[in-house]
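Read the structure below first, then the notes.
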Amino acid sequence: MKKEDSLMSNTGPSNTGPSDAGLPNTVVAEQDSAASTPTATEAGNRRPWWSSVRALAVVTVLAVVAAVTFGMLWVTDDSSEQLQALQSRLDTETEAEAVASDYALSVSDVDFRDLDAWRAALTDGVSEQLAPKLEGAVDVVAPWLTQMEYTADARLLAAEVASNDGDTFVVQVFVDMISKSKQTPDGVAATATYTVTMDRASDWTITDVGGVGTGLPGGAGEPEPAPAPADGGR
């Protein structure tokens with residue numbers, strides 16, 4: 001009886017469970033390893049986050065390299081000369097607009113108590129041929145300015161090169177004016193437009209001006225006031 005009990009004890013259930021019965025230990029270990037190792041598809045779906053960031057960084061670096069490369073090629077071809085020519089033209093137009101704007105603003109500030117200053121502003125920087133014409137305009141308008149006690153303040157709205165032919169530049173300047181007089185003591189707002197023609201070759205000398213006198217009493221923009229009736233007039 002003791003011998004049989006010993007045999008029964010040796011052939012009893014194993015701790016490895018029914019699924020491992022009769023299999024070598026190496027086979028069981030391989031199955032456990034296979035069960036714990038993810039497949040290639042699963043591994044691809046679970047790529048670390050830094051892998052995508054690294055790919056994006058590579059693409060960004062390639063884009064920068066390409067931009068620099070094409071930029072260097074662009075600078076070394078004829079486009080660089082075209083860029084310089086364009087920049088030179090823009091700089092010249094900016095200078096022309098600045099000169100015309102300064103002139104338009106100065107002639108738009110009028111005070112009947114100091115018409116000599118207005119005369120000087122009109123003839124400052126103009127050609128010898130144009131100066132007498134502007135002085136003649138002052139002589140015509142000045143009596144009306146004094147009679148109406150006319151004053152005007154101005155601010156620049158815009159200036160733009162309208163055309164140019166060689167060294168001749170034509171600039172249109174828009175000025176916002178607030179004028180006062182006996183008839184309009186509270187002030188009247190108006191926009192004056194000046195067409196200033198200049199010669200770059202002679203240091204931006206003004207050779208022609210259009211729009212001077214617009215909005216002034218007795219000028220093109222406002223009818224002349226009617227003369228006061230004589231004593232006893234009907």
Side-chain angles (χ1 to χ4, degrees), residues 44 47-110 117-134 137 152-178 189-215 220-221:
R47 289 186 301 174
W49 62 269
W50 48 263
S51 178
S52 298
V53 174
R54 181 175 60 184
L56 179 60
V58 171
V59 172
T60 303
V61 170
L62 291 177
V64 172
V65 172
V68 172
T69 301
F70 285 113
M72 292 298 296
L73 292 176
W74 180 76
V75 169
T76 55
D77 65 12
D78 294 339
S79 298
S80 61
E81 298 179 359
Q82 297 177 4
L83 178 62
Q84 292 177 357
L86 175 61
Q87 187 61 53
S88 176
R89 180 174 66 83
L90 293 177
D91 292 342
T92 302
E93 290 184 354
T94 299
E95 187 175 2
E97 292 167 355
V99 173
S101 298
D102 290 342
Y103 180 81
L105 281 175
S106 64
V107 301
S108 296
D109 286 329
V110 184
W118 186 51
R119 184 190 300 270
L122 282 170
T123 56
D124 184 28
V126 306
S127 65
E128 295 180 357
Q129 295 78 13
L130 180 60
K133 298 179 181 179
L134 295 176
D153 295 320
R155 67 181 183 90
L156 179 66
L157 292 179
E160 182 180 6
V161 173
S163 65
N164 80 285
D165 183 9
D167 287 329
T168 302
F169 285 76
V170 179
V171 180
Q172 283 191 327
V173 185
F174 302 90
V175 176
D176 186 17
M177 297 179 61
I178 304 295
T191 299
T193 303
Y194 297 91
T195 302
V196 184
T197 304
M198 296 170 293
D199 182 17
R200 179 178 62 172
S202 59
D203 195 19
W204 298 109
T205 298
I206 298 172
T207 58
D208 193 17
V209 179
V212 172
T214 301

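Residues take their numbers from the sequence shown, with the count starting at 1. Heavy atoms only: backbone and side chains are in, while hydrogens, waters and symmetry mates are out.
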Report task. Compare all side-chain heavy atoms of M198 with those of V171 and state whether any distance is below 4.5 angstrom. Result -> yes
Query - Beyond-backbone contact of E95 with D91, side-chain heavy atoms, under 4.5 angstrom - result: no
Query raised in the report: Got E97 and V161 here, is their nearest side-chain heavy-atom distance under 4.5 Å?
Result: yes
Query raised in the report: Any side-chain heavy-atom pair from R155 and V175 closer than 4.5 angstrom?
Result: no
Query raised in the report: Donor-acceptor pair, T94 side chain versus L90 backbone, under 3.5 Å?
Result: yes
**Report entry** Derivation of the side-chain contact (heavy atoms from CB on, under 4.5 Å) call for N164 and V170
**Finding:** CA-CA 6 Å; N164 80 285; V170 179; over 6 Å; no
Query raised in the report: Is there side-chain contact between D153 and D109, with at least one heavy-atom pair below 4.5 Å?
Result: yes
Requested in this report: Find out whether V126 and L134 are in side-chain contact, i.e. whether some heavy atom of one side chain is under 4.5 Å from a heavy atom of the other.
Outcome: yes
Requested in this report: Locate the shortest heavy-atom distance separating V107 from W118; write the atom from each residue and the value.
Outcome: O-NE1, 2.8 Å
Query raised in the report: In terms of side-chain heavy atoms, does D199 have a donor or acceptor partner in S202 at a distance below 3.5 Å?
Result: yes
Query raised in the report: Looking at G166 and R200, what are the two nearest heavy atoms and their distance?
Result: O-NH2, 4.2 Å
Query - Side chains of Y194 and S108 in contact at under 4.5 Å (non-hydrogen atoms) - result: yes
Query - Spatial distance of atom CD (Q172) from atom OG1 (T193) [nearest 0.5 Å] - result: 7.0 Å
Report summary line: When D102, L156, L105, T195 are each screened for side-chain contact (heavy atoms from CB on, under 4.5 Å) with V173, the one that passes is L156
Requested in this report: Could you check I206 against L130 for side-chain contact (heavy atoms from CB on, under 4.5 Å), going step by step and ending with a plain yes or no?
Outcome: CA-CA 8 Å; I206 298 172; L130 180 60; 4.1 Å; yes
**Report entry** Where T123 and A131 come nearest, the two heavy atoms and their spacing
**Finding:** CG2-O, 4.0 Å
Query raised in the report: Which heavy atom of A190 sits nearest a heavy atom of D176, and at what distance?
Result: O-OD1, 3.3 Å
Requested in this report: Report yes if some heavy atom in the side chain of Y103 is under 4.5 Å from a heavy atom in the side chain of V209; otherwise report no.
Outcome: yes
Requested in this report: Just jot down the salt bridge (Lys or Arg N to Asp or Glu O under 4.0 Å) partners of D208, sequence neighbours excluded, or say none.
Outcome: none
Report task. To the nearest 0.5 Å, tell me how far E93 CD sits from S88 OG. Result -> 10.0 Å
